[in-house]
Amino acid sequence: MPELPEVEVVRAGLEPAVSGARVLHVDVVDDRALTRHDGPAEDFAERLTGRTVAAAVRRGKFLWMPLEPEHAGDPAEALVAHLGMSGQILLGRGREAAKHRRILIDVQPAGTDRDGTPELPVELEFVDQRTFGSMAIDQMVPTIDGAPAGFGGYVDDTDPDAGWRRSIPKQVSHIARDPLDPAFDGDRFIRMARKRSSGIKRVLLDQGVVSGIGNIYADESLWAAKLHYDRPADRLPRASLQLLLDEVRSVLARALEDGGTSFDAQYVNVNGQSGYFSQRLNVYGQQGKPCPRCGTTIVREAFMNRSSHICPVCQPRPRPRTR
């Protein structure tokens, strides 16, 4: 499943094409791509056509594009996209339809060519092989802390029409901020973690505590911090949690530099290109190989209907709790 770096790569690729763009036409090829939309395909297409997109914003694994209101006083809305396990958002002009196209949105970019003529329309194609991803038009609500809602909303705050920056789609509002968000509160994360008796990896995967960290980057960060995935969070000293948070940010930043992690063609950026962080993975998917730090064989263990990858020496199993 695409995690924070993969979704951020998509957001950054969309931003220059959609910011200020006007939606010309919407074609819903498969209604299953609208599972999170409150209404039929006709409603989705009608409400989106003719609207102007303000920006591309992300929190955790959720991506949304705020829409400028059609009339003064209308409720703020956004086009929300969740990639699920195999969703892709591709940009192009006159390209042959992708095999698993679910939604096609034609937009007119706000920019102009060198001679001053408007840019040609761009096709925004939502592709999803396994149909777990979705798009929806959702109402926006104010952020609880008053800060910009997500990554990508941090631009000129003097713009009188940029109220969308401190608003978030309702279906994303329960998601905690991610570690790369400028408004992320590291102290809050540590306080919440120290109240949990569950293993630290479960805390990292809890979207109500911190968002954007999936299985891959949790394993990589825990290895970097020399912590076993089952270490009870409430038994970890503050210094260990701070180190883990630092490693999470470092791992996510390096993955972003490499364009995310691609194991197959199901994750690509908006230009259809793969990410290369898989070449720098230390433990995830490396079972049977030597630990890059100590040489011990990496093992894979069952965890919450998926897997955890650890070095048995660098990440010793915690002792059982004593009464």
Side-chain angles (χ1 to χ4, degrees), residues 3-5 7-12 14-16 18-21 36-38 47 51-83 110 135-196 203-214 233 238 241-242 244-246 248-249 252-253 256:
E3 300 180 21
L4 183 157
V7 180
E8 174 57 24
V9 168
V10 172
R11 186 208 67 80
L14 284 174
E15 187 172 48
V18 304
S19 296
R36 289 183 172 89
H37 180 72
D38 186 16
R47 289 167 61 188
R51 304 288 289 275
T52 298
V53 179
V57 190
R58 176 195 54 75
R59 177 180 289 195
K61 304 173 188 178
F62 278 87
L63 169 70
W64 69 90
M65 290 165 259
L67 302 170
E68 294 184 1
E70 289 185 282
H71 308 98
D74 285 353
E77 295 181 320
L79 171 61
V80 183
H82 191 275
L83 301 183
M135 280 188 160
I137 298 175
D138 192 24
Q139 187 172 342
M140 304 268 276
V141 296
T143 56
I144 295 176
D145 56 11
F151 202 82
Y154 296 83
V155 288
D156 184 9
D157 229 10
T158 62
D159 182 353
D161 299 320
W164 53 264
R165 293 196 185 94
R166 288 181 168 80
S167 298
I168 188 169
K170 278 186 176 180
Q171 58 185 259
V172 188
S173 59
H174 67 288
I175 302 295
R177 292 185 181 274
D178 63 69
L180 298 186
D181 189 323
F184 179 80
D185 188 341
D187 289 336
R188 176 182 178 275
F189 164 77
I190 291 174
R191 289 195 303 270
M192 292 185 70
R194 298 193 75 185
K195 295 178 181 179
R196 306 295 177 98
V203 176
L204 290 179
L205 299 180
D206 186 339
Q207 300 289 291
V209 178
V210 57
S211 66
I213 308 171
R238 180 182 181 86
L241 288 168
Q242 183 60 59
L244 175 60
L245 182 55
D246 291 343
V248 166
R249 286 176 168 142
L252 293 177
L256 270 174

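The structure presented is a predicted model; accordingly, all values stated were derived computationally and were not measured.
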Min side-chain heavy-atom separation [X]-[Y] under 4.5 Å:
X: Gln242; Y: Leu245; value: yes
X: Leu180; Y: Leu256; value: yes
X: Leu67; Y: Thr52; value: no

Quick check: does any side chain N or O of [X] sit under 3.5 Å from a backbone N or O of [Y], one acting as donor and the other as acceptor?
X: Arg58; Y: Gly60; answer: yes
X: Arg59; Y: Gly150; answer: no
X: Arg249; Y: Pro179; answer: yes
X: His82; Y: Phe62; answer: no

* To do: Would you mind listing every side chain to side chain donor-acceptor pair (under 3.5 Å) that reaches into residues 68-80, with sequence neighbours excluded?
  => Arg47-Glu77, Arg51-Glu77, His71-Asp74

[atom1] of [X] to [atom2] of [Y]: how many Å apart, nearest 0.5 Å?
X: Leu241; Y: Arg191; atom1: CG; atom2: CZ; value: 12.5 Å
X: Gln171; Y: Asp38; atom1: CD; atom2: CG; value: 10.0 Å
X: Arg11; Y: Leu4; atom1: CZ; atom2: CG; value: 10.5 Å

Under 3.5 Å donor-acceptor pairs involving side-chain atoms of residues 203-213, not counting sequence neighbours:
unit_1, atom_1, unit_2, atom_2, d
Asp206, OD1, Gly208, N, 2.9
Asp206, OD2, Arg196, NH1, 2.9
Ser211, OG, Ala176, O, 2.6
Ser211, OG, Asp178, N, 3.4

* To do: Carefully, step by step, assess Val141 and Ile168 under the rule side chain to side chain contact (heavy atoms under 4.5 Å, CB included).
  => CA-CA 5 Å; Val141 296; Ile168 188 169; 4.0 Å; yes

* Residue among Arg177, Arg188, Arg166 satisfying salt bridge (charged side-chain N to carboxylate O under 4.0 Å, His left out) with Asp145 ->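 Of Arg177, Arg188, Arg166, salt bridge (charged side-chain N to carboxylate O under 4.0 Å, His left out) with Asp145 is met by Arg177 alone.
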
* So which heavy atom on Glu15 is nearest to which on Gly152, and how close? ->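 Scanning both residues completely, I find the closest heavy atoms to be OE2-O, 3.9 Å.
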
* Structure fact -> Heavy-atom nearest pair, Pro66 first then Ala78, reads CA-CB, 3.9 Å

* For Ala55, side chain to side chain contact (heavy atoms under 4.5 Å, CB included) partners two or more places apart ->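 By the side chain to side chain contact (heavy atoms under 4.5 Å, CB included) rule, Ala55 matches Ser19, Val57, Trp164.
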
* Quick one: do Leu83 and Val7 satisfy side chain to side chain contact (heavy atoms under 4.5 Å, CB included)? Show the steps, please. => CA-CA 8 Å; Leu83 301 183; Val7 180; 4.1 Å; yes

